[in-house]
Amino acid sequence: AVTSESSSFPNLGFEIDHFLGPGEIVMINSDGIKQLRRPNKRCQVCAFLWVYYGFPTSDYEGRNTEEVRNQCGYVMGKEDDAVVDCSCGIPDSGVGMAIGYAAGHGVPYQRAISKYTPTWPRSFTPANQEMRELVAKMKLIQNKAILKDKKVLFCDDSIVRGTQLHNNTY
């Protein structure tokens, strides 16, 4: 089996045998794997995978996505001098950074925003702006009991089109 996401294998009983290197070319057939081109020495993984699009259990360059998000948040929390009561991640990929931020800043992580259902797509993917705005409005629900009278630091994974933040004021 071949995949671009290492998280595809564990529940199927597969184990990773080989990570393709940058520019590497292999031929896979019933006889096995044959390398047609050696990998380049330098690898450049798109930062968007670490911050936003990569699945939390996937590995890139031998590093786990969620660990990278946690470490980035931790460093940000250690260096930030904002006075906040807690941190909250905007689901889904903002959560890892917010957990790291909370640990680095010495504040609790709170789920002040929850995703209504995992079936809503990413709000930047629908083809038209009207549908993007509907998805952004419907998929996240604030927990007013946690938000009331608190200074909350929100970690959002990215601002692709600005739709999510534009339509949700907490």
Side-chain angles (χ1 to χ4, degrees), residues 3-12 14 16 43-170:
T3 184
S4 62
E5 291 276 358
S6 59
S7 59
S8 302
F9 288 149
N11 289 354
L12 298 174
F14 295 125
I16 296 170
C43 183
Q44 293 179 300
V45 171
C46 176
F48 213 49
L49 286 170
W50 296 120
V51 177
Y52 183 63
Y53 225 71
F55 197 70
T57 60
S58 287
D59 296 337
Y60 305 100
E61 294 184 45
R63 299 196 61 202
N64 176 264
T65 303
E66 190 71 355
E67 284 181 347
V68 169
R69 290 174 183 162
N70 273 241
Q71 289 169 356
C72 288
Y74 184 85
V75 169
M76 186 172 66
K78 280 295 236 193
E79 295 178 0
D80 189 23
D81 61 0
V83 177
V84 297
D85 297 312
C86 61
S87 75
C88 172
I90 302 296
D92 289 311
S93 44
V95 172
M97 187 169 284
I99 290 171
Y101 180 93
H105 202 65
V107 296
Y109 172 81
Q110 297 276 303
R111 285 192 343 166
I113 305 294
S114 294
K115 193 172 181 181
Y116 178 66
T117 174
T119 59
W120 285 106
R122 297 281 196 173
S123 55
F124 82 94
T125 56
N128 66 64
Q129 186 62 28
E130 184 179 351
M131 183 55 84
R132 287 192 293 269
E133 289 175 9
L134 176 64
V135 170
K137 183 177 182 174
M138 299 300 292
K139 76 177 185 178
L140 299 179
I141 298 180
Q142 53 187 290
N143 186 332
K144 291 180 182 184
I146 289 176
L147 289 169
K148 186 178 180 178
D149 300 325
K150 289 197 178 130
K151 293 179 184 173
V152 181
L153 181 119
F154 289 101
C155 290
D156 197 1
D157 44 23
S158 73
I159 303 171
V160 177
R161 297 179 194 239
T163 307
Q164 193 65 60
L165 292 177
H166 176 73
N167 289 309
N168 288 293
T169 304
Y170 306 107

Which atoms form the tightest heavy-atom contact between [X] and [Y], and what is the distance?
X      : Y      : answer
Thr65  : Leu49  : CG2-O, 3.8 Å
Arg111 : Asn143 : O-CB, 4.0 Å
Cys88  : Ala112 : SG-N, 3.5 Å

Straight-line distance of [X] [atom1] to [Y] [atom2], nearest 0.5 Å:
X     : Y      : atom1 : atom2 : answer
Met76 : Gln71  : CE    : CD    : 13.5 Å
Glu66 : Ser93  : CD    : OG    : 9.0 Å
Cys86 : Leu147 : SG    : CG    : 7.5 Å
Asp59 : Ser6   : CG    : OG    : 4.0 Å

Contact check, side chains of [X] and [Y], non-hydrogen atoms, under 4.5 Å:
X      : Y      : value
Cys155 : Arg69  : no
Val152 : Gln110 : no
Leu140 : Lys115 : yes

Short question: side chain of Ser7, backbone of Ser58 - any donor-acceptor pair under 3.5 Å?
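No, because the side chain of Ser7 does not come within donor-acceptor range (under 3.5 Å) of the backbone of Ser58.
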How are the rings of Phe9 and Phe14 set relative to one another: parallel (under 30°), tilted (30 to 60°) or perpendicular (over 60°)?
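The arrangement is perpendicular - the two ring planes meet at more than 60°.
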According to ring-ring contact (aromatic ring centres under 6.0 Å, His included), does anything in residues 54-91 pair up with another residue at least two apart or in another chain? List the pairs.
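Every pair satisfying ring-ring contact (aromatic ring centres under 6.0 Å, His included) with a residue in residues 54-91: Trp50-Tyr60.
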Considering only residues two or more places apart or on different chains, which pairs with a residue in residues 77-90 satisfy side-chain hydrogen bond (donor to acceptor under 3.5 Å, both in side chains)?
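Counting only pairs at least two positions apart or across chains, the side-chain hydrogen bond (donor to acceptor under 3.5 Å, both in side chains) contacts touching residues 77-90 are Asp80-Tyr101.
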Around atom CG of Asn128, are there more than 12 heavy atoms from other residues, nucleotides or ligands closer than 6.0 Å?
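Yes.
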